[in-house]
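The figures here come from the full heavy-atom set of this structure, side chains too, leaving out hydrogens, waters and symmetry mates.
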Amino acid sequence: MDPARPDYPFHYLIETLNDNTEKKFYNVPKLGGTKYDNLPYSIRVLLEAAVRNCDGFRVKKEDAINILDWKTKRNNVEVPFCPARVVLQDFTGIPAMVDFAAMREAVKNLGGDPTKVHPVCPTDLTVDHSLQIDFNKCAIQNTPNPGGGDLQRPSAKLSPLKVQPRKLPCRGQTGCKGPCDAGESSRNSGQFSSQIENTPLLCPFHLQPVPEPETVLKNQEVEFGRNRERLQFFKWSSNAFRNVSVISPGTGMAHQVNLEYLSRVVFEVKDFLYPDSIVGTDSHTTMVNGLGIFGWGVCGIETEAVMLGMPVTLTLPEVVGCELTGTACPLATSIDVVLSITKQLRQAGVAGKFVEFFGTGISQLSIADRTTIANMCPEYGAILSFFPVDNVTLKHLKHRGFDKARLESMEKYLKAVKLFRNDQSSSDEPEYSQVVQISLSSIMPYVSGPKRPQDRVAVTNMKSDFQACLNEKVGFKGFQILAEKQNDVVPVHYEGNEYRLAHGSVVIAAVISCTNNCNPSVMLAAGLLAKKAVEAGLMVKPYIRTSLSPGSGMVTHYLSSSGVLPYLSKLGFQVVGYGCSTCVGNTAPLPEAVLNAIKQGDLVACGVLSGNKNFEGRLCDCVRANYLASPPLVVAYAIAGRVNIDFQTESLGVDPSGKNIYLHDIWPTREELQHVEEKYVISSMFKELKEKMEKGNKRWNVLEAPESVLFPWDLKSTYIRCPSFFEKLAKEPVSLQPIDNAHVLLCLGESVTTDHISPAGSIARSSAAAKYLTNKGLTPREFNSYGARRGNDAVMTRGTFANIKLLNKFIGKPAPKTIHFPSGQTLDVFEAAELYQKEGIPLIILAEKNYGLGNSRDWAAKGPFLLTSTGKIFSVIASFETDMEIIIFKHRGILNYVARRFL
């Protein structure tokens with residue numbers, strides 16, 4: 001929309017920036033005077049969006065006045081929010097783009113012009129959730145030429161995938177500090193495999209080219225082959241629709257790329273300035289709150305509504321002020337700060353509220369620290385966690401490559417509308433609904449687990465806490481292992497050696513892209529710890545599934561340029577690719593010997609990951625205890641091989657001379673971290689990331705895609721299918737029939753989350769979706785994941801309620817099953833629903849409170865609708881707040897309403 005239309009109610013507030021007639025903005029502070037000055041910064045951004053988008057229909061004048069009167073109207077009125085842009089990730093983004101493609105088809109069929117169908121706001125779609133770990137250090141070692149192609153290497157050169165006998169001196173360079181075995185080659189001799197884009201040409205420790213890990217090459221190759229149809233559809237979408245930009249695979253995570261590249265902080269459109277704001281189909285969207293960008297993660301349905309020109313509606317929330325004071329202790333990483341703040345904010349009861357940070361402690365937090373804190377916002381239930389723009393933000397943006405003129409106009413604009421935080425003055429702090437005070441100096445290292453992210457355990461208490469978990473009854477923390485079984489040890493024969501597994505043994509250790517890879521300090525801490533561990537002769541047992549999945553190539557850049565990546569690789573933490581993997585259940589299978597040992601001993605095996613979700617069964621159904629930890633602690637627990645260790649009194653291992661090595665011996669100091677971060681985490685990273693974004697992925701660049709206005713649906717495709725939502729669309733809405741004699745498909749208890757409802761992860765071979773794909777001629781290796789097949793409603797409907805942890809009271813135990821009462825059969829949920837529909841029996845689902853909690857709400861809504869829909873209705877008393885809601889209701893949904901507008 002045009003932000004400066006003269007017929008808009010607040011057009012009189014438009015001014016020029018410092019008499020610069022080329023730059024205009026809405027001077028919103030003039031609307032409210034001192035009332036505006038008392039508003040929290042986040043509410044000021046919400047108010048500006050309402051003023052700028054006030055058209056009398058989507059946003060009315062009284063909406064803006066209600067926001068201005070936040071102090072008295074909070075919790076009492078609903079207000080609209082029109083974001084400046086949208087970010088999609090491919091799992092939840094593909095249904096939205098498929099709906100847009102289907103809408104073009106429907107508009108054409110009804111006689112309209114399909115070329116009018118476009119998203120109305122900038123939409124960035126990042127292909128980042130397709131990555132699966134098909135190859136890692138164990139899976140690729142025994143394959144011939146694992147990198148593919150005709151690669152020539154000096155035979156004596158260390159492969160990043162094969163752990164050679166430890167040899168620290170570099171033959172090729174005298175006095176080299178790294179573990180490179182350069183063989184006979186000199187600095188410029190020999191051929192090497194392709195470089196990772198955006199990594200330096202030379203490793204600073206041994207001045208040798210850094211080859212791209214074979215795991216990345218192989219996983220990317222499989223990813224492109226497996227997801228070719230989806231990628232072609234995405235590429236068609238980027239060409240067919242205005243305002244759509246697709247970030248190709250291998251670039252990075254949606255929230256990471258959003259933070260490092262897409263974020264504007266201040267928009268400038270046709271010389272009109274306004275705050276950057278966003279909604280995204282990813283719970284980590286709040287990461288950009290650390291940059292002073294207003295927004296949060298929503299479901300695909302809400303995001304699609306924004307793409308269609310509709311606002312997000314929310315109850316005007318309370319704003320909790322979080323005052324940070326003091327300085328954290330040296331051993332506490334930003335993850336410890338995050339988890340401590342998470343716990344205190346959860347205890348303060350901030351669910352459904354905005355959180356806004358202030359106080360002297362903010363200035364001591366880098367942007368990386370702030371974005372890490374903001375990224376955990378969904379875990380304590382807040383809508384967003386807002387850090388206002390200040391001098392630290394501007395310094396960061398300068399390193400990102402923002403030019404001087406842009407930064408100057410940004411600062412002038414933010415100060416003009418009072419959205420810039422002054423570090424020196426505490427008298428100008430806004431009024432908040434409540435204030436939570438947190439002293440950073442009281443924060444110590446913690447992990448979270450073994451089943452829920454809110455259950456924090458001090459690292460110093462980890463051993464005793466795990467023992468208590470073994471003793472406790474089965475529940476949120478307990479495993480109820482008999483006392484006589486708690487010391488059981490099961491031998492494992494793996495790769496010619498014998499190892500011993502017990503309760504507490506680590507079998508998965510993953511440094512993954514969620515939450516903390518945005519923070520260089522914690523990733524560099526993991527790398528420096530790995531360096532010191534390797535130099536001390538410590539190693540990770542080979543049966544442990546270790547992996548390193550960075551949020552973007554920038555992370556690989558600074559790990560490589562700082563010289564720590566080879567040490568992580570020697571411990572098994574090799575780069576497997578860029579995107580979600582372990583965090584969404586795409587981890588590689590455990591070795592058969594390890595699986596058998598776990599089952600034989602009924603062991604409570606453990607996974608340790610640097611993510612923000614550790615729900616039971618999420619990583620692997622045989623790994624019952626999962627802990628969230630900072631990246632250096634993930635590496636430390638992997639070296640220890642167990643979680644039930646007291647780092648203060650028990651050693652990680654011994655060096656070649658037999659000396660015990662403790663965690664404090666290899667833990668990097670804050671001074672070491674600051675030195676490495678200052679030297680290697682510099683503006684060139686952002687510059688090179690920008691070049692990578694603009695250049696694109698080579699495989700993506702050569703990928704062929706249709707150039708037609710309408711997408712050419714392939715009826716044989718099992719990835720992309722024209723959904724059935726528009727099949728019966730008429731130019732005018734039709735009446736529905738009432739529901740009579742319905743049966744209950746599922747009877748569910750409390751807190752059934754979207755993880756239980758929406759299909760995610762791998763497709764089980766015995767599932768209804770697997771049967772469908774098998775009937776289409778696919779083998780299990782070709783099933784891919786539910787996320788990859790979100791563009792096919794036939795697969796997704798069959799995967800709805802297919803979670804192994806679903807507890808249906810009709811069954812009485814966790815299983816994706818239900819009872820078809822007419823026949824008495826116990827069936828998969830889809831098969832029962834299909835049978836009911838063939839019999840013409842309407843269906844309902846009974847669920848208790850907190851049904852549908854979570855962020856995967858698109859198919860958590862679409863799936864049950866398609867399972868139970870018979871085109872009928874039942875009577876309810878409903879209240880509509882706006883004319884827009886009434887219109888959408890009459891059209892039976894926003895998709896139908898927007899499609900008819902194009903006719």
Side-chain angles (χ1 to χ4, degrees), residues 3 9-18 23-54 59 61-77 79-81 265-266 273-277 289 291-295 314 316-325 353-363 383-394 409-437:
F10 297 106
H11 185 264
Y12 69 93
L13 293 175
I14 295 177
E15 294 185 1
T16 58
L17 186 63
N18 290 352
K23 297 184 185 296
K24 300 178 181 179
F25 69 100
Y26 277 96
N27 194 350
V28 183
K30 285 189 174 181
L31 183 65
T34 56
K35 186 182 292 187
Y36 179 91
D37 295 342
N38 291 330
L39 291 176
Y41 288 93
S42 51
I43 298 298
R44 297 177 195 181
V45 180
L46 184 63
L47 175 59
E48 192 282 338
V51 167
R52 178 168 35 88
N53 290 282
C54 186
V59 182
K61 186 175 182 179
E62 53 263 39
D63 294 323
I65 301 303
N66 285 337
I67 297 173
L68 182 63
D69 292 333
W70 167 81
K71 188 174 181 179
T72 58
K73 294 296 182 65
R74 62 195 185 207
N75 292 331
N76 294 321
V77 297
V79 295
F81 167 48
V265 182
V266 171
L273 301 172
Y274 53 94
D276 189 359
S277 59
N289 296 163
L291 276 177
I293 297 173
F294 184 87
L314 70 157
L316 191 61
E318 295 185 36
V319 181
V320 177
C322 183
E323 183 177 13
L324 302 180
T325 59
K353 303 175 183 179
F354 288 179
V355 173
E356 188 168 297
F357 292 88
F358 72 102
T360 57
I362 288 186
S363 299
I383 298 174
L384 55 78
S385 294
F386 195 73
F387 288 83
V389 175
D390 59 10
N391 289 323
V392 175
T393 314
L394 295 181
S409 64
M410 179 186 299
E411 183 176 0
K412 289 177 182 178
Y413 166 70
L414 292 173
K415 288 181 176 179
V417 294
K418 299 183 179 181
L419 289 174
F420 191 88
R421 180 181 172 273
N422 188 343
D423 295 335
Q424 307 301 322
S425 175
S426 59
S427 60
D428 297 332
E429 299 293 358
E431 294 182 8
Y432 296 105
S433 308
Q434 68 181 96
V435 173
V436 177
Q437 295 181 324

(message) With rounding to the nearest 0.5 angstrom, report the CG to CG distance, Asn66 to Asn76.
(response) 9.5 Å

(message) Just so I know, are the side chains of Arg421 and Ile362 near enough to count as touching, which here means a heavy-atom distance under 4.5 Å?
(response) yes

(request) For Phe386, enumerate each residue passing the ring-ring contact (aromatic ring centres under 6.0 Å, His included) test, keeping only those at least two apart in sequence or located in another chain. (result) none

(message) Going by the rule side chain to side chain donor-acceptor pair (under 3.5 Å), which residues pair with Lys412 if we only count those two or more places apart in sequence or in a different chain?
(response) none

(message) For Glu356 versus Pro430, what's the shortest heavy-atom pair and its separation?
(response) OE2-CG, 4.1 Å

(message) Using only atom types and a distance under 3.5 Å, with no angle test, would you say the side chain of Arg52 pairs donor to acceptor with the backbone of Tyr26?
(response) no

(message) Once rounded to the nearest 0.5 Å, what's the spacing between atom CG of Leu273 and atom CE of Met410?
(response) 9.5 Å

(message) Under a 3.5 Å distance rule, please check whether Glu48 uses its side chain to pair with a backbone N or O of Tyr274 as donor and acceptor.
(response) no

(request) For Val51 and Ala64, work out which heavy atoms get closest and say how close. (result) CG2-CB, 4.2 Å

(request) With the side chain counted from C-beta on, respond yes when Val77 and Ile67 share a heavy-atom pair under 4.5 Å apart, and no when they do not. (result) no

(message) Counting C-beta onward and ignoring hydrogens, is there a side-chain heavy-atom pair between Val266 and Asp276 closer than 4.5 Å?
(response) no

(request) Not counting sequence neighbours, which residues clear ring-ring contact (aromatic ring centres under 6.0 Å, His included) with Phe294? List them please. (result) Phe81, Trp296, Phe354

(message) Test of understanding: with side chain to side chain donor-acceptor pair (under 3.5 Å), list the residues that count as partners of Asp37, not counting sequence neighbours.
(response) Lys418

(request) Side-chain contact test, heavy atoms from C-beta onward, threshold under 4.5 Å: evaluate it for Leu419 versus Val389 and give yes or no. (result) no

(request) Could you tell me whether the side chain of Ile65 reaches within less than 4.5 Å of the side chain of Lys73, counting heavy atoms only? (result) no

(request) Please report the closest heavy-atom contact between Phe357 and Pro388, naming both atoms and the distance. (result) O-CD, 3.7 Å

(message) Contact between Leu46 and Leu316 at the side-chain level, heavy atoms closer than 4.5 Å - yes or no?
(response) yes

(message) Rounded to the nearest 0.5 Å, what separates atom CD1 in Ile43 from atom CG in Asn38?
(response) 13.0 Å

(request) Using atom types as modelled and distance alone, determine if a side-chain donor or acceptor of Asn289 lies under 3.5 Å from a backbone N or O of Gly295. (result) yes

(request) Can you sort out the partners of Lys35 under salt bridge (charged side-chain N to carboxylate O under 4.0 Å, His left out), two or more places apart, ordered by chain and number? (result) Asp69

(message) Tell me every residue that passes salt bridge (charged side-chain N to carboxylate O under 4.0 Å, His left out) with Glu431, counting only those two or more places apart in sequence or in another chain.
(response) Lys71

(request) State, to 0.1 Å, how close Val79 and Asp63 come at their nearest heavy-atom pair, and which atoms those are. (result) CG1-O, 4.2 Å

(message) Going by the rule side-chain contact (heavy atoms from CB on, under 4.5 Å), which residues pair with Lys353 if we only count those two or more places apart in sequence or in a different chain?
(response) Glu318, Val320, Gln434

(request) Can you sort out the partners of Asp390 under side chain to side chain donor-acceptor pair (under 3.5 Å), two or more places apart, ordered by chain and number? (result) Arg370, Thr393

(message) Applying ring-ring contact (aromatic ring centres under 6.0 Å, His included), can you list everything that pairs with Tyr36, at least two apart in sequence or on another chain?
(response) none

(request) With sequence neighbours left out, write down each residue that passes ring-ring contact (aromatic ring centres under 6.0 Å, His included) with Phe358, or none if nothing qualifies. (result) Tyr432

(message) Please enumerate all residues that pass salt bridge (charged side-chain N to carboxylate O under 4.0 Å, His left out) together with Lys61, with sequence neighbours excluded.
(response) none

(message) Would you compute the distance between atom CG of Leu414 and atom OG of Ser409 and round it to the nearest 0.5 angstrom?
(response) 9.0 Å

(request) Go through Trp70 and Val319 one step at a time and tell me if the side chain to side chain contact (heavy atoms under 4.5 Å, CB included) criterion holds. (result) CA-CA 10 Å; Trp70 167 81; Val319 181; 3.7 Å; yes

(request) Please list, chain by chain and in numerical order, all residues satisfying side chain to side chain donor-acceptor pair (under 3.5 Å) with Glu15, sequence neighbours excluded. (result) Asn27, Lys30

